[in-house]
Amino acid sequence: MPLSGKFYTIDGNYLGQDSTEYKLAKSHKMTYPSGVEMVRRRKPMLVGNADELANFITVPSIDSLPKASRGGSGGRPAAQSPLTSPQEEVFRQFKEGMTIGYAVSERRHDPKDRVNIEAADCIEEWTNQVKRKDSIALNESHLTNHYIRAAATGSGKTIATINDILTAHMYLDGPIFLVDPKGGDMVNEYLRAHRTVFEDLEDVEYAKIPEENSEVPSIPFFDIRPYVRTGATSRDAAIQSVTDSYFSLLHEILGEESVKQAFVANEILRGLIRALFDGEHGNDFFSIGDLFQAALKDQNEGVKHVRANRSRSNNDDENLKDPIPPVSDEELRDSLESHLNKSEQSFLTTTDAVLNRIRKMKEREFIWNMLSYTVPESHWDEERNWYDRAGIPMFDVRELLNSEKVIIIDTGDLHDESSQLFSVLFLTQFWRSIKTQWTPEKDDYIANVIMDESPNIARRSIMYEKLLPKGREFNLSLGLIMQYPKQILGDDEFQNRRAYREVLNNVHTKIIGNISVDDQLAESLFHEDLTHSEIKDRINGLRSGEWVVQLPSSGFHEEKPEILTLKPLPIPPGTKESDVTVHPRAANVRERSRVNLCVPKDHPMISANVN
């Protein structure tokens with residue numbers, strides 16, 4: 001029957017097993033106010049005699065009842081009530097690592113109450129808040145199943161991402177890569193917080209794409225030495241990996257359908273790359289300029305062969321030069337020679353398409369310069385089986401993978417298409433590197449890659465075919481930051497539906513703010529007592545700053561935890577919204593990173609000239 005009369009409201013707080021009050025309660029002892037609490041009357045207590053205690057009843061809200069009791073209570077959880085009271089086991093499983101917020105452990109009295117994201121006054125206060133008993137953290141095992149953080153602009157997403165990076169850097173082993181295409185203030189805010197929490201910026205790298213004077217990250221692209229000479233993979237597999245990476249860039253520039261249409265041109269281009277990497281006559285590295293010259297020679301000398309074949313004259317055979325690079329693979333040579341038997345128009349059309357697939361890279365000068373970077377043989381250390389870094393700048397992925405650094409890559413100065421192109425180039429190189437297992441053999445190692453404004457890159461095959469489904473076995477974590485997951489569908493829902501499905505299936509931690517939730521997202525979230533429609537209502541009822549999180553299962557045959565409501569961590573000290581703001585020293589960090597990681601276009605190791 002309905003309750004009537006006067007009653008007190010009791011707010012519950014989570015007590016960890018190490019809490020003094022927990023131990024007193026467990027041993028049936030009373031917890032008394034301390035001296036300060038007694039004076040300030042800050043510790044409310046209900047004290048009753050034997051008769052009163054015998055008739056004392058507490059009635060929890062429907063939101064707080066155990067599952068076994070909810071069905072018979074006749075009540076329904078309020079749509080705007082937080083999802084509360086996670087089991088003790090959840091706190092043990094999600095105790096230390098990248099801290100994503102606090103589990104809400106009390107019922108909201110006023111649905112209109114706002115969540116104020118407080119600023120921590122000092123490092124100690126921020127650290128203590130991160131270590132709270134009700135904080136939820138993801139360790140390296142959880143993170144290999146990746147995570148999404150999705151919320152509308154102005155909901156605290158930037159502060160949450162900064163806290164994600166700070167706590168991951170503090171508690172986990174391995175590097176953190178942040179790719180930021182917005183060009184906003186997040187980088188400076190992160191540098192302020194990092195400098196305050198960790199006292200310096202020595203373990204931070206920061207590069208803008210491109211840097212001043214057209215400087216670009218110096219990553220050897222057409223180079224198989226790191227893969228073949230270290231024994232990480234076979235020569236054929238390494239060549240195929242480089243070729244696939246190049247075609248991923250082509251898909252970005254020309255469009256996937258446009259690339260697929262010129263099948264013969266694609267085969268010739270793949271053949272030329274293989275020829276330049278020939279184990280007997282080729283080299284283990286070259287530049288995109290070398291590839292262009294090989295394609296140009298194939299056209300200029302090849303058309304002479306086509307004309308000679310058409311006239312059936314052997315008089316000029318002695319004056320004809322071989323258009324095909326020397327190769328030891330007869331099957332490859334036969335394949336490249338076969339197109340010399342076409343008509344002149346067909347031959348020129350095909351070879352023009354080949355050259356166009358190289359020239360198009362020149363339209364993005366910073367990409368062309370990156371593909372032009374080569375490290376000469378004199379800078380290869382035979383004993384270490386790696387590049388001799390003395391005196392040469394290099395964005396050495398292996399070195400970074402084996403570090404504890406935070407690497408910030410800012411593409412905010414680029415147009416959207418160029419920013420996405422760089423992201424694809426970076427991710428393909430990163431994937432080639434990490435899957436050769438250039439990482440430490442530590443159980444707690446994790447390489448974190450956080451992609452801000454990520455819906456566009458989530459549609460790319462490098463993401464949903466390789467990194468998301470296969471990254472786990474190489475200790476890779478992907479963090480996708482966006483406004484709402486359905487953005488992945490873009491303007492062509494039919495074309496991008498597979499990408500969206502793969503993201504929802506392969507990302508096991510979903511941290512969702514107050515956004516419009518589509519059916520597919522709702523179906524990927526689990527709560528035993530809520531339908532998908534009710535889950536949508538709960539998310540729509542979140543206050544600004546609150547999150548609902550779907551945590552991953554902690555192992556095989558383990559149940560997936562129910563979704564729960566999170567409150568945000570405090571604003572870290574040193575940022576503009578904190579009481580004491582520190583200088584980010586962004587220019588100093590960039591200058592150091594430019595010297596170590598980037599090269600200007602006039603550097604002798606960039607062979608960018610094309611006649």
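Keep in mind the model is a prediction, meaning the values are calculated, not measured.
At a cut-off of 3.5 Å, with distance as the only test, no side-chain donor of Asp236 or Gln240 sits close to an acceptor on the other residue. A side-chain N or O of Asp352 and one of Gln299 form a donor-acceptor pair less than 3.5 Å apart. Between the side chains of Arg357 and Asn266, at least one donor N or O lies within less than 3.5 Å of an accepting N or O. A donor-acceptor pair shorter than 3.5 Å can be found between the side chains of Asn448 and Ser477. In this model, no donor atom of one side chain and acceptor atom of the other lie less than 3.5 Å apart for Asp396 and Tyr387.
For the pair Leu178 and Val406, the minimum side-chain heavy-atom distance is 4.5 Å or more. With a 4.5 Å cut-off on side-chain heavy atoms, Phe292 and Met361 do not count as touching. Counting heavy atoms from C-beta outward, Leu191 and Ile408 have side chains that approach closer than 4.5 Å. The side-chain heavy atoms of Ile450 and Phe177, taken from C-beta on, include no pair separated by under 4.5 Å. The closest side-chain heavy-atom distance from Glu502 to Glu465 is not below 4.5 Å. Side-chain contact check for Val242 versus Phe222: some heavy-atom pair is nearer than 4.5 Å. For the pair His146/His508, no side-chain contact is recorded, criterion being any heavy-atom separation below 4.5 Å from C-beta on. Taking the side chain as every heavy atom from C-beta outward, Ile209 and Ile409 approach each other to under 4.5 Å.
Although no hydrogens or angles enter the test, the distance criterion places a donor-acceptor pair under 3.5 Å between the side chain of Thr144 and the main chain of Ser141. Under the 3.5 Å distance criterion, the side-chain polar atoms of Lys510 are matched with a main-chain donor or acceptor of Val507. With Thr158 contributing its side chain and Met186 its backbone, the two residues share no donor-acceptor pair below 3.5 Å.
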(message) Could you go through Glu211 and Lys208, starting from their C-alpha distance and side-chain angles, then the distance that decides it, and tell me whether this counts as salt bridge (charged side-chain N to carboxylate O under 4.0 Å, His left out)?
(response) CA-CA 5 Å; Glu211 268 290 359; Lys208 288 182 73 70; over 6 Å; no
(request) With salt bridge (charged side-chain N to carboxylate O under 4.0 Å, His left out) as the test, would you mind laying out the steps for Asp278 and Arg235 before giving the verdict? (result) CA-CA 9 Å; Asp278 187 79; Arg235 188 179 193 87; over 6 Å; no
(request) Might you work through the ring-ring contact (aromatic ring centres under 6.0 Å, His included) test for Phe277 and Phe285, ending with a clear yes or no? (result) CA-CA 7 Å; Phe277 277 132; Phe285 64 95; 9.2 Å; no
(request) Take Ile239 and Ile224, measure what side chain to side chain contact (heavy atoms under 4.5 Å, CB included) needs, and give me the verdict at the end. (result) CA-CA 7 Å; Ile239 294 170; Ile224 60 173; 4.2 Å; yes
(message) Evaluate Thr509 against Leu138 for side chain to side chain contact (heavy atoms under 4.5 Å, CB included), listing each step before the verdict.
(response) CA-CA 9 Å; Thr509 300; Leu138 305 174; 3.9 Å; yes
(message) salt bridge (charged side-chain N to carboxylate O under 4.0 Å, His left out), that's the test. Do Asp284 and Arg229 meet it? Break it down for me.
(response) CA-CA 10 Å; Asp284 287 347; Arg229 297 188 187 181; 2.8 Å; yes
(message) Glu417 vs Glu252, test: side chain to side chain contact (heavy atoms under 4.5 Å, CB included). Steps then yes/no.
(response) CA-CA 8 Å; Glu417 294 80 3; Glu252 283 298 307; over 6 Å; no
(message) Quick one, Gln520 with Lys486, criterion side chain to side chain contact (heavy atoms under 4.5 Å, CB included). Give me CA distance, side-chain angles, the key distance, then yes/no.
(response) CA-CA 9 Å; Gln520 286 180 271; Lys486 197 176 179 181; over 6 Å; no
(message) Using the rule given for salt bridge (charged side-chain N to carboxylate O under 4.0 Å, His left out), can you reason through Lys182 versus Asp410, listing the C-alpha separation, both sets of side-chain angles and the distance that settles it, and then say yes or no?
(response) CA-CA 8 Å; Lys182 289 190 302 187; Asp410 183 351; over 6 Å; no
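Evaluation of the ring pair (Phe, Tyr, Trp, His ring centres under 6.0 Å) rule for Tyr227 yields Trp438 as partners, not counting sequence neighbours. Evaluation of the salt bridge (Lys or Arg N to Asp or Glu O under 4.0 Å) rule for Glu453 yields no partner, not counting sequence neighbours. Listed by chain and number, the residues in a ring pair (Phe, Tyr, Trp, His ring centres under 6.0 Å) with Tyr190 are His194 (sequence neighbours excluded).
Contact detail for Pro440 and Leu401: the closest heavy-atom pair is CD-O, 4.0 Å. Shortest non-hydrogen contact noted between Trp368 and Ile288 is CZ3-CD1, 3.6 Å. Here the closest heavy-atom approach between residue Ala458 and residue Met463 is recorded as CA-CG, 3.9 Å. Between Tyr445 and Gly174, the closest heavy-atom pair is CE1-CA, 3.7 Å. For Leu478 against Leu468, the heavy-atom pair with the smallest separation is CD1-CD2, 3.7 Å. A pairwise comparison of heavy atoms in Gly302 and Pro323 identifies N-CB, 3.5 Å as the closest pair.
Using a 4.0 Å cut-off between a side-chain N of Lys or Arg and a carboxylate O of Asp or Glu, Glu215 and Lys601 do not qualify as a salt bridge. A salt bridge is absent between Lys435 and Glu473: the closest approach of a Lys/Arg side-chain nitrogen to an acidic carboxylate oxygen does not fall below 4.0 angstrom. Glu534 and Arg538 are not joined by a salt bridge, as no carboxylate oxygen comes within less than 4.0 angstrom of a charged side-chain nitrogen.
Within the cation-pi definition used here (under 6.0 Å to the ring centroid, within 45° of the axis), Arg459 does not qualify as a partner of Tyr500. Because its NZ or CZ atom is not both nearer than 6.0 Å to the ring centre of Tyr464 and within 45° of the ring axis, Arg498 does not count as a cation-pi partner of that residue. Within the cation-pi definition used here (under 6.0 Å to the ring centroid, within 45° of the axis), Arg149 qualifies as a partner of Trp547. Figure legend: cation-pi geometry between Arg432 and Phe221, with NZ or CZ positioned under 6.0 Å from the six-membered ring centre and within 45° of its axis.
Taking the six-membered ring where the residue is Trp, Phe247 and His251 present perpendicular rings, their angle passing 60° and hence far from 30°. A parallel orientation is assigned to the rings of His339 and Phe347, their planes being inclined by less than 30° (bins at 30° and 60°). Between Trp431 and Phe474, the ring planes lie perpendicular to each other; the angle is over 60°, past the 30° to 60° tilted range.
Considering Pro220, Ser287, Ser218 in turn, Ser287 is the only one that fulfils the side-chain contact (heavy atoms from CB on, under 4.5 Å) rule with Thr374.
Distance check, rounded to the nearest 0.5 Å: CD1 of Ile148 to CD1 of Ile512 gives 6.0 Å. Atom OG of Ser343 and atom CZ of Arg307 lie 12.0 Å apart (nearest 0.5 Å). Interatomic distance, Lys360 NZ to Leu250 CG, rounded to the nearest 0.5 Å: 11.0 Å. Here CD of Gln487 is found 12.0 Å from CG of Asn496. Values are rounded to the nearest 0.5 Å. Taking NZ of Lys342 as the reference point, atom CG of Leu348 lies at 11.0 Å (rounded to 0.5 Å). In this structure, Ile324 CD1 and Glu337 CD are separated by 4.5 Å, a value rounded to the nearest 0.5 Å.
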